[in-house]
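Note sheet for the following structure.
Below, each value reflects all heavy atoms present in this structure, side chains not excepted, and no hydrogens, waters or symmetry copies. The structure presented is a predicted model; accordingly, all values stated were derived computationally and were not measured.
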Amino acid sequence: TKFLENCGWKSIVITPKSGSYPNTDPTLLNDVAKSTEVIKTSTIEPFRMFNILSGNANRGKVTSVGMGDIKGSQSLFKKASGYIRANWFIPDARKGWVPYAVKEGQKIINSQNIDAIVTTGPPHSSHIIGLELSKRNNIPWLADFRDPWTNIYYNNFLPRTQRTKEKDYKLESKILSEATSVSTVSNGLVQEFEDRAKSILLLPNGYDEEDFHSVKPTNESEVFEISYIGNFKENQNCENFWRAISELSDELEGFREKIRVSLIGNVHITIKQTIDRFELNQVVTLESFVEHQIAVERMANSSVLLFIIPNSEKNHQIITGKIFEYLASRTPLLSIGPIDGDASEILNSCQRNKMIDYADSHSMKVRIQSHFEEWQLNGCTKSIKNDLHTKFSREQLTVQLSNELERICNAN
């Protein structure tokens with residue numbers, strides 16, 4: 001909405017009044033265009049009932065994405081909850097919002113001259129809203145996929161039946177085939193969806209240039225800081241990274257005294273257990289979720305940023321939103337994941353250090369030691385000077401979105 005206004009579009013946003021989320025950051029409301037009308041509706045949230053029944057009522061609206069809390073639990077209640085979540089809520093547990101959003105959307109269409117509908121997911125149940133409103137009113141509709149649908153990583157953790165999987169795939173195919181246009185974030189997802197979509201647009205997450213205008217990187221730091229900023233999930237726990245830190249702490253003079261690994265955000269318990277096992281508690285700091293602008297400042301003022309693609313099926317398609325802000329910070333990256341994946345291709349296109357495979361502990365050690373020795377020599381690591389990442393600015397990406405919306409409106 002921030003940049004669509006500059007392209008001549010007025011946005012009306014429909015969103016739940018009281019949803020459940022892993023984290024919220026009210027400072028991001030400053031990025032909503034002043035002309036944007038935001039309408040909040042009621043919703044039915046199974047997450048809140050799950051928290052109450054499991055004794056977590058004090059957590060209020062806080063819940064894990066995809067109800068990941070239920071994974072691996074031996075509790076009978078949580079096992080039953082896992083089965084219900086996996087097989088009753090298709091495509092996801094946000095589907096209770098659909099009738100409320102459809103009703104409100106129809107009111108808006110009846111009272112205003114709406115040219116196009118955009119739905120974005122996850123939650124992919126939001127696309128059911130677009131399907132219904134587009135069909136009823138013959139309005140062009142763009143379905144925007146920021147993550148996979150049937151192949152999203154947490155589906156692998158849920159006890160889904162074969163019937164559920166088939167039903168979910170059928171619904172996914174229906175959305176893809178009936179949307180006027182589809183946009184998605186990676187080449188891998190383009191390839192997964194293109195044979196079922198009428199038209200498809202590659203539209204990465206990107207970053208906002210304005211977030212970095214006021215950030216001034218410090219020239220020198222007392223510690224060599226490797227930072228991970230954001231939710232650190234179990235399937236991102238790369239033991240070879242921790243092994244590399246442990247071995248360098250034993251082998252490299254001064255390293256243990258000067259290294260700090262900062263994990264800023266929600267950290268899965270298995271990662272904390274791995275840190276304990278490698279006896280790295282003295283060099284690792286855990287910090288809670290911070291608002292976005294502080295996160296950007298921490299990116300710019302770290303010595304190295306740790307970027308790990310989840311180690312899961314079809315992870316070559318995964319491009320997290322984090323990578324674009326990491327690139328915009330101009331801080332050197334230590335990137336771990338599939339070396340032939342979409343994220344690796346982005347790093348290469350921006351002439352950054354190459355992706356390192358999860359199993360390649362030697363290359364991790366070499367990369368970390370190289371940055372540490374550079375830091376020792378200069379008091380900091382060298383900021384990246386090239387501007388190749390600017391093609392991922394949200395302002396430029398929104399122009400592409402605007403052009404696609406104009407195309408489908410003119411073709412209607």
Side-chain angles (χ1 to χ4, degrees), residues 1-45 47-48 59-65 92 94 96-98 100-101 104-105 107-108 112 114 116-126 129-130 142 144-147 183 185 203-215 229-231 264-266 287-300 320-326 328-329 392-399 401-402 405:
T1 67
K2 180 175 182 178
F3 299 114
L4 274 172
E5 184 178 32
N6 298 337
C7 298
W9 291 89
K10 180 190 174 185
S11 304
I12 302 173
V13 176
I14 307 175
T15 189
K17 185 185 301 177
S18 186
S20 301
Y21 308 101
N23 299 108
T24 56
D25 182 357
T27 66
L28 292 177
L29 292 172
N30 297 328
D31 284 339
V32 180
K34 296 295 183 287
S35 67
T36 301
E37 185 179 353
V38 180
I39 299 170
K40 297 188 176 183
T41 75
S42 298
T43 187
I44 297 173
E45 284 277 15
F47 295 102
R48 188 167 296 109
R59 290 175 62 193
K61 301 175 189 175
V62 178
T63 189
S64 163
V65 174
D92 51 58
R94 311 286 189 177
W97 181 50
V98 170
Y100 298 94
E104 192 59 47
K107 282 185 188 176
I108 294 168
Q112 303 200 44
I114 301 300
I117 298 167
V118 177
T119 55
T120 187
H124 292 308
S125 53
S126 66
I129 301 160
L142 184 142
D144 177 53
F145 290 75
R146 313 317 289 171
D147 273 319
S183 61
V185 294
L203 199 69
N205 283 303
Y207 70 96
D208 189 344
E209 287 276 7
E210 288 186 11
D211 291 341
F212 295 87
H213 287 171
S214 61
V215 175
I229 301 170
N231 294 327
I264 304 160
N266 300 322
E287 302 178 41
S288 59
F289 175 83
V290 297
E291 65 182 43
H292 185 251
Q293 194 55 42
I294 294 174
V296 167
E297 290 170 4
R298 294 295 296 270
M299 290 177 198
T320 67
K322 184 193 317 294
I323 189 173
F324 301 106
E325 292 188 324
Y326 271 18
S329 74
F392 298 115
S393 76
R394 286 194 195 134
E395 189 165 13
Q396 290 192 44
L397 293 171
T398 305
V399 171
L401 173 61
S402 173
L405 290 174

May I ask you to test the [X]-[Y] pair for a side-chain heavy-atom distance under 4.5 Å?
X	Y	answer
Ser183	Leu142	yes
Val118	Leu405	yes
Val399	Cys7	yes
Val296	Ser329	no
Ile264	Phe289	no
Ile114	Ile108	yes
Glu325	Met299	yes

Contact summary for [X] and [Y], nearest pair of heavy atoms:
X	Y	answer
Pro16	Thr43	CB-CG2, 4.1 Å
Leu397	Phe392	CD1-O, 3.6 Å
Ala33	Thr1	CB-O, 3.3 Å
Val215	Ala300	CG1-CB, 3.3 Å
Gly230	Lys322	CA-NZ, 3.7 Å

[atom1] of [X] to [atom2] of [Y]: how many Å apart, nearest 0.5 Å?
X	Y	atom1	atom2	result
Trp9	Thr36	CH2	OG1	13.5 Å
Ile14	Glu104	CD1	CD	6.0 Å
Asp25	Asn30	CG	CG	9.0 Å
Ile129	Thr119	CD1	OG1	7.5 Å

Please identify each residue that fulfils salt bridge (Lys or Arg N to Asp or Glu O under 4.0 Å) with [X], with sequence neighbours left out.
X	result
Asp92	none
Glu210	Lys2
Glu287	Arg298

Using a distance-only test with no angle check, is there a side-chain donor-acceptor pair under 3.5 angstrom linking [X] and [Y]?
X	Y	answer
Ser125	Trp97	no
Glu297	His292	no
Ser35	Glu5	yes

Can any side-chain N or O of [X] pair as donor or acceptor with the backbone N or O of [Y] at less than 3.5 Å?
X	Y	answer
Thr27	Glu291	no
Gln293	Asp211	yes
His124	Asp147	yes
Thr398	Arg394	yes

Next on the checklist: Run the side-chain contact (heavy atoms from CB on, under 4.5 Å) test on Arg146 and Asn205 for me, step by step, so that the C-alpha distance in whole Å, both residues' side-chain angles and the decisive distance to 0.1 Å come before the verdict.
Outcome noted: CA-CA 8 Å; Arg146 313 317 289 171; Asn205 283 303; 3.3 Å; yes
Item to check | Check against side-chain contact (heavy atoms from CB on, under 4.5 Å), Asp144 and Val185 | outcome: CA-CA 9 Å; Asp144 177 53; Val185 294; 5.8 Å; no
Checklist entry - Would you call the rings of Tyr207 and Phe212 parallel, tilted or perpendicular, where under 30° means parallel and over 60° means perpendicular? => result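 Perpendicular, since the angle between the ring planes exceeds 60°.
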